[in-house]
Protein chains: 2
Amino acid sequence: MPDQETPRAPTGQEIADWVRQRIRTGRFVPGQRLVEVDIIRQTGASRSKVREALKRLEGEGLVEIEEFRGASVRSSTLDEVRQIYRARMALEGMAAHDFTQNADPALLARLQALQDQLDACVRERAPDRFGRLNNEWHRLIVEGSGNKVIADHLQRLNVPIHRLLFESFYDEERLQTANADHQAMLALILAGDADGAERAMRQHIGDGFETLARIEDEFYR
Amino acid sequence: MPDQETPRAPTGQEIADWVRQRIRTGRFVPGQRLVEVDIIRQTGASRSKVREALKRLEGEGLVEIEEFRGASVRSSTLDEVRQIYRARMALEGMAAHDFTQNADPALLARLQALQDQLDACVRERAPDRFGRLNNEWHRLIVEGSGNKVIADHLQRLNVPIHRLLFESFYDEERLQTANADHQAMLALILAGDADGAERAMRQHIGDGFETLARIEDEFYR
DNA sequence: GATGACGATATTGTTGACAATTTTATCAAT
DNA sequence: ATTGATAAAATTGTCAACAATATCGTCATC
């Protein structure tokens, strides 16, 4: 008898992941209502699991739940995005510091390889691919820092701004300065200058917010 | 007709608070199993609410839920505590920086008043009271920084180490150096030296972990 | 006394029915 | 056409019963 296909019902965590993904990729937009039955239909999960997942996401600040009105995707003000970036500066700066102190050669090689690919993206003007690789670059540093607590908190911070993280790279100038930042940071890391790497990471993220704020301002004008 | 006593059933959030409190104050110790019926008996909540609360706490990393075995208080290794302190250094340092830049006179006055009380505790050798006021001191800076995101994440970080935050102050020497740190930091804040305040805060928290690690080491010897 | 099988009890997981509330549709009055 | 009232439908909140699993105590066996 061949392996039976077992489409077991998704767990609460998996449904939460599913919703998170849809929020990240913009298929669920801020303000949109998340009706339990719809999610049940689309995921095949039971109602309790869906409710559990929504509660979970509420705890992460990703959705809002009003009594008898259900869940909806929470939207962030520009000021809240600013606060998120401030937290990112602090945590990811620390991660860069610790990564520089702890990183083993294998990780350094992977980072170097990623950097080469990023350079290629700049030459070929491929902002989309750059965005994806940029995410990997940052994640590699965070995961490589050996601090799971910081990694967890950063992951949570990033979800609501995930889409914004790609926007800026359609600006040719930002693409180049961001890549230059990465190159400089890599040099500092390889040189073992932990404090320098931390400062550079904070500056880099701070600049990232500045361009973002500029774009948003134009958008809302 | 006088106001009727209305003991409405507690919400999931309130039960979660209740459990958090008990974990903080050590009435629920790491490893202890949290049986649903017990919590129902003690809080008067319905089972769904209790389950919701436990899931919530699992999301915060405070309890562990195993299938068909239920929830138990998660215990942190010393390395995880180290990671938490590392995250605190980053976030609370940033908070101190922003507090210095933004704080209005009213907050500065409150901070000064707290400092006076802390000084008194040192003179009178009152480590318990010092611990409580110390918490307030730190919280005042975080709340006063104007960054709700950072405040939220710090609150979460602090729950599992809440009891540890008091332990160190029974060491006379730590009590004095901690207070000296506070005094120096207050001076930097009043002088408007944001970078200095940030560095001082990070150093202060880092030192806090060092004494803690020393105590734990002795304990486990 | 130690070990393992077995049943009784305790505990958690899931489902479905029903209550409370909001949202939508309908239609009369102006 | 707009408003407002009313009923119907949709949606969420709650609870209790039942299923699945784990835990504990008992007893026979070695």
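In what follows, chains are A, B, ... by sequence order, proteins preceding strands, each numbered from 1. This structure is a prediction, so every number in the text was calculated from the model and none was measured. All values below come from the heavy atoms of this structure, side chains included, with hydrogens, waters and symmetry mates left out.
Near DNA chain C, meaning a heavy atom under 4.0 Å from it, residues 61-73 of chain A has A:Phe68, A:Arg69 in order of number. Less than 4.0 Å separates DNA chain C from at least one heavy atom of each of the following residues of residues 33-40 of chain B: B:Leu34, B:Val35, B:Glu36.
Think of the region where chain A sits on DNA chain C: with heavy atoms and a 4.0 Å cut, that region ends 5' and 3' at C:dT14 to C:dT23.
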Per-pair distances, 0.1 Å, donor-acceptor, side chain in residues 100-109 of chain A, under 3.5 Å, sequence neighbours excluded:
| unit_1 | atom_1 | unit_2 | atom_2 | d |
| --- | --- | --- | --- | --- |
| A:Thr100 | OG1 | A:Ala96 | O | 2.8 |
| A:Asn102 | ND2 | A:Asp98 | O | 3.2 |
| A:Asn102 | ND2 | A:Ser145 | O | 3.4 |
| A:Asp104 | OD2 | A:Ala106 | N | 3.4 |

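Atom P of nucleotide D:dT14 and atom CD1 of B:Ile15 are separated by 10 Å, given to the nearest angstrom.
Judged by distance alone, the side chain of B:Gln83 and the main-chain N or O of A:Lys148 form a donor-acceptor pair under 3.5 Å.
With sequence neighbours excluded, no residue forms a side chain to side chain donor-acceptor pair (under 3.5 Å) with A:Arg110. A:His182 pairs by the ring-ring contact (aromatic ring centres under 6.0 Å, His included) definition with A:Trp137, A:His138, A:His204, not counting sequence neighbours. Residues satisfying the side chain to side chain contact (heavy atoms under 4.5 Å, CB included) criterion with B:Glu80, sequence neighbours excluded, are A:Val149, B:Arg74, B:Ser76, B:Thr77. Under the side chain to side chain contact (heavy atoms under 4.5 Å, CB included) criterion, B:Asp207 pairs with B:Arg174, B:Asp181, B:Gln203, not counting sequence neighbours.
Listed by first then second residue, pairs satisfying salt bridge (charged side-chain N to carboxylate O under 4.0 Å, His left out) with a partner in residues 30-41 of chain A read A:Glu36-A:Arg47, A:Glu36-A:Arg51, A:Asp38-A:Arg41, not counting sequence neighbours. Pairs engaging residues 49-80 of chain A under the ring-ring contact (aromatic ring centres under 6.0 Å, His included) rule: none recorded [sequence neighbours left out]. For the ring-ring contact (aromatic ring centres under 6.0 Å, His included) condition, the pairs that include at least one residue of residues 153-175 of chain A, sequence neighbours left out, are A:Phe130-A:Phe169, A:His153-B:His153, A:His162-A:Phe166.
A cation-pi arrangement, defined by a distance under 6.0 Å to the six-membered ring centre and an angle within 45 degrees of its axis, is present between A:Arg88 and A:Tyr85.
Note on the helix from C:dG1-D:dC30 to C:dT30-D:dA1: terminal axis deviation equals 10°, with five pairs used at each end and the result rounded to 10°.
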